[in-house]
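Structure first, commentary second.
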Amino acid sequence: MARLKIKNILQQGKPGEKVTAKGWVRTKRGSKNVNFIALNDGSTILNLQIVADVANFNEELLRDVTSGAAISVLGELAESAGSGQNIELIANEIEILGKADPEKYPIQPKKHSLEFLRENAHLRFRTNTFGAIFRIRHAMAFAVHNYFNNKGFNYLHTPIVTASDAEGAGQMFRVSTLDPENPPLTEKGRIDYSQDFFGKATNLTVSGQLEGELGAMALGEIYTFGPTFRAENSNTTRHLAEFWMIEPEMAFYDLKDNMDLAEEFLKSLIQYALDNCMDDLQFLAGRLQQEEKNKPQDQRSMDLIEKLKFVLNNDFIRITYTEAIDILRNSKPFKKKKFQFHVEWGVDLQSEHERYLVEKHFNCPVILTDYPKGIKAFYMKQNDDGKTVGAMDVLFPQIGEIIGGSQREENLEKLETRMNEMNIPTDEMWWYLDTRRFGSVEHSGFGLGFERFILFVTGMGNIRDVIAFPRTPKSAEF
RNA sequence: UCCCUAGUAGCUCAGUUGGUUAGAGCGGCGGACUGUUAAUCCGUAGGUCGUAGGUUCAAGUCCUACCUGGGGAGCCA
């Protein structure tokens, strides 16, 4: 008897059909005569109810059917006599595939804290919450490729190991095969990287953007989707040392085209989630609702699915940095001196300011553009005013910056001048500058933090709960 | 890295101004129950109170240091 996945059984199974199901036991309950086993195989958040007539099975076998155990069940589908499910499997044969000692198995049939499950990340996939999260995460990864493929973008694999740290996007992890106890030294007593594996100092990438631009300047439109590494000592609910980033880069796109793409892209992912992940979203929405009950009325947030639909059906607010500063300086918290950090043209916005704009003032995703050049990266398009650059940050409620992007400076002279001002070595970056020397065109791109986006779609609060095995300072378990 | 906060049974927590044998719910185990939905009911086992010092007649409780978790900030996606 071929094994069927529980998702298929629940969707297409007919009463009277003989099937085999395999999975992990969530709970077992029942009386002297009948046992009910909730079986889950990961294909869906829904469980298949197994009905076992106690008389037909020996006692010891049923004793091993405990939470967490893996079993195989051969039986006949029947319309369910109880409520809660339409169809159930009347068991003829049950085989224990793998026992799970109930004294030791950590995932009990009860509510666990997210902190506890994080410490049991190897087993948390077996919970409803994390099953839902990782099915949604998969669907979103697939939808990313689907979206760009449909638009004719090329998926470019940019290197993980890189010798360039020119972007200055943060502290990097060193990659080396030198003996750390006893490295070769130069005459001046410094580490001699010419003897290292790559013949120079190398690191894990902090961004594929610069290489992405090279691809875009021939293929037209590319995107990357890969792991990214930042050795920052960041301990927050929205930072990881190893995370996944999606970075499209497009020739012939100006800043507005870039914003249009970013907005359409995010909305297409949300649409895909609503179309394909409803069972999981509904579970997560219900879970959030339970949590919200403990909060005062005015602090409760929108229902998860409503929130997704709201973002889908409303235009993102687009304002310039300068306009944002005006709004902030005219805001109540500014006048009542409630902001901890000063607001004035030229300073970078702090998260309290971003949150005010997104969560209080507009209550909607916001795209901020045209930042002062002094607080942004060297490669951003210099505007005619001489003060601002063609940057754009997409800010989401609760999460903050979900996308950072810009039009890129395509003028060789302006770019070199800016690099010199910011002490970025133009000679080491010859390959990057070559794109401006030969057939340079206006182009744009952005980076989407994948986990931050998954936070938004799942409604989870901590980024460590939307990646399977989080890498954070002082933590690389599993 | 800084600020705040927590660490007591497998899990989630309570534990009064320091005072006798440290409690509950859930989970586990045993039993009861003709179909349950986090089943219900009865019973039962389970603790070096994060670690190391210190104060005291007496420390889960007070002090110091460290470790770990959580929240916030900075940095950013």
Side-chain angles (χ1 to χ4, degrees), chain A residues 26-38 46-55 63 66-68 78-85 88 90 100-120 127-128 167-171 206-209 225 227-247 262 290 339-341 348-352 354-355 375-377 393-396 399-405 446-456 461-467 472-475 477:
Chain A
R26 284 294 171 75
T27 60
K28 183 180 71 171
R29 54 183 176 269
S31 63
K32 191 162 64 176
N33 301 321
V34 204
N35 275 352
F36 301 96
I37 303 161
L46 303 172
N47 298 326
L48 177 64
Q49 170 150 287
I50 310 293
V51 183
D53 192 336
V54 172
R63 215 195 322 264
T66 59
S67 292
E79 251 175 75
S80 181
S83 57
Q85 60 280 317
E88 62 192 13
I90 313 297
D101 183 346
E103 297 270 3
K104 292 181 182 147
Y105 182 59
I107 311 297
Q108 302 156 356
K110 57 159 284 185
K111 193 171 164 58
H112 285 293
S113 69
L114 293 172
E115 291 81 6
F116 173 76
L117 292 171
R118 219 169 280 152
E119 287 167 13
N120 291 279
T127 64
N128 285 333
E167 203 207 343
Q171 288 289 109
V206 292
S207 164
Q209 181 202 318
F225 187 176
T228 307
F229 306 88
R230 304 271 166 96
E232 299 287 355
N233 192 10
S234 300
N235 284 291
T236 79
T237 53
R238 59 202 104 84
H239 286 87
L240 291 165
E242 176 184 289
F243 63 100
W244 289 67
M245 189 153 64
I246 297 138
E247 296 182 289
Q290 289 295 316
F339 285 137
Q340 198 187 333
F341 292 91
D348 209 351
L349 296 180
Q350 304 295 320
S351 58
E352 59 176 351
E354 293 180 351
R355 292 188 75 130
I375 59 174
K376 286 291 180 183
D393 285 0
V394 180
L395 309 178
F396 264 39
I399 292 152
E401 186 179 344
I402 201 164
I403 279 180
F446 61 81
L448 169 71
F450 188 55
E451 284 79 12
R452 287 192 182 173
F453 179 72
I454 302 298
L455 278 182
F456 177 75
N462 191 319
I463 202 162
R464 293 161 198 180
D465 294 332
V466 297
I467 188 166
T472 54
K474 299 279 186 294
S475 170
E477 190 68 68

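Per chain, numbering begins at 1; letters A, B, ... match sequence-line order.
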* 5'-most contact on RNA chain B: A:Ile90 or A:Pro102, nearest heavy atom basis? ->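 Of the two residues, A:Pro102 wins.
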* **Residue mapping more 5' on RNA chain B - nearest nucleotide basis, A:Gly461 or A:Glu451** =>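 That would be A:Gly461.
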For [N], which nucleotide in any strand shown is its Watson-Crick or wobble partner with both distances under 3.5 Å?
{"N": "B:rA59", "value": "none"}
{"N": "B:rU1", "value": "B:rA73"}
{"N": "B:rU48", "value": "none"}
{"N": "B:rG43", "value": "B:rC29"}
{"N": "B:rA9", "value": "none"}

Just how far, in rounded Å, is [atom2] of [N] from [atom1] of [X]?
{"X": "A:Glu354", "N": "B:rC76", "atom1": "CD", "atom2": "P", "value": "11 Å"}
{"X": "A:Lys104", "N": "B:rA9", "atom1": "NZ", "atom2": "P", "value": "19 Å"}
{"X": "A:Asn47", "N": "B:rU36", "atom1": "CG", "atom2": "C1'", "value": "14 Å"}
{"X": "A:Asn462", "N": "B:rG69", "atom1": "CG", "atom2": "C1'", "value": "11 Å"}
{"X": "A:Phe36", "N": "B:rU34", "atom1": "CZ", "atom2": "P", "value": "13 Å"}
{"X": "A:Asn233", "N": "B:rA73", "atom1": "CG", "atom2": "C1'", "value": "13 Å"}
{"X": "A:Leu349", "N": "B:rC75", "atom1": "CG", "atom2": "P", "value": "11 Å"}

Within the sub-3.5 Å range, which N or O atoms of nucleotides 37-44 of chain B have a protein N or O partner, and how far apart are they?
{"from": "B:rU37", "atom 1": "O4'", "to": "A:Arg29", "atom 2": "NE", "distance (Å)": "3.3"}
{"from": "B:rU37", "atom 1": "O2", "to": "A:Gln85", "atom 2": "OE1", "distance (Å)": "3.3"}
{"from": "B:rU37", "atom 1": "N3", "to": "A:Ser83", "atom 2": "O", "distance (Å)": "2.8"}
{"from": "B:rU37", "atom 1": "N3", "to": "A:Gln85", "atom 2": "OE1", "distance (Å)": "3.3"}
{"from": "B:rU37", "atom 1": "N3", "to": "A:Gln85", "atom 2": "NE2", "distance (Å)": "3.3"}
{"from": "B:rU37", "atom 1": "O4", "to": "A:Ser83", "atom 2": "N", "distance (Å)": "3.0"}
{"from": "B:rU37", "atom 1": "O4", "to": "A:Ser83", "atom 2": "O", "distance (Å)": "2.4"}
{"from": "B:rU37", "atom 1": "O4", "to": "A:Gln85", "atom 2": "NE2", "distance (Å)": "3.2"}
{"from": "B:rA39", "atom 1": "OP2", "to": "A:Arg29", "atom 2": "NH1", "distance (Å)": "3.0"}
{"from": "B:rA39", "atom 1": "N6", "to": "A:Gly30", "atom 2": "O", "distance (Å)": "3.1"}

* Identify the two heavy atoms, one from A:Phe243 and one from A:Glu451, that lie closest to each other, and give their separation to 0.1 Å. =>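 Looking at all heavy atoms of both residues, the shortest contact is CB-OE1, 3.4 Å.
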* **Heavy-atom closest contact (A:Ser31 atom, A:Val54 atom, distance)** =>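 Scanning both residues, the minimum pair turns out to be O-CG2, 4.2 Å.
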Could you tell me whether [X] contacts a base, only the sugar-phosphate backbone, or nothing, with contacts defined as non-hydrogen atoms closer than 4.0 Å?
{"X": "A:Ser67", "value": "nothing"}
{"X": "A:Ile403", "value": "sugar-phosphate"}
{"X": "A:His112", "value": "sugar-phosphate"}
{"X": "A:Arg355", "value": "nothing"}
{"X": "A:Asn35", "value": "nothing"}
{"X": "A:Glu88", "value": "base"}
{"X": "A:Phe116", "value": "sugar-phosphate"}

* To do: Only counting residues at least two apart or in another chain, list the ones meeting salt bridge (Lys or Arg N to Asp or Glu O under 4.0 Å) with A:Glu88.
  =>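 For A:Glu88, no residue satisfies salt bridge (Lys or Arg N to Asp or Glu O under 4.0 Å) once neighbours in sequence are set aside.
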* **salt bridge (Lys or Arg N to Asp or Glu O under 4.0 Å) partners for A:Arg464, two or more places apart** =>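 Partners of A:Arg464 by the salt bridge (Lys or Arg N to Asp or Glu O under 4.0 Å) criterion come out as none, since no residue qualifies.
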* Asked: Looking just at side-chain N and O atoms, do A:Glu247 and A:Ser207 make a donor-acceptor pair shorter than 3.5 Å?
  ->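 Yes, A:Ser207 and A:Glu247 have a side-chain donor paired with an acceptor closer than 3.5 Å.
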* To do: Compute whether any side-chain donor of one residue and acceptor of the other, for A:Arg238 and A:Thr236, lie under 3.5 angstrom apart.
  =>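 No, no side-chain donor-acceptor contact under 3.5 Å.
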* Using atom types as modelled and distance alone, determine if a side-chain donor or acceptor of A:Ser67 lies under 3.5 Å from a backbone N or O of A:Pro109. =>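 Looks like no, no N/O pair under 3.5 Å.
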* To do: Pick the P atom in B:rG15 and in B:rU8, then give their distance to the nearest Å.
  =>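 Nearest-Å result for B:rG15 against B:rU8 at atom P: 14 Å.
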* With centres under 5.5 Å and planes under 30° as the test, does A:Phe243 stack with B:rA77? ->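 Stacking is present between B:rA77 and A:Phe243, given that their ring centres fall under 5.5 Å apart and the planes under 30°.
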* Would you mind checking if A:Asp393 and A:Lys376 are paired as a salt bridge, meaning a charged N to carboxylate O distance below 4.0 Å? =>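 Looking at A:Lys376 and A:Asp393, the cut-off is met.
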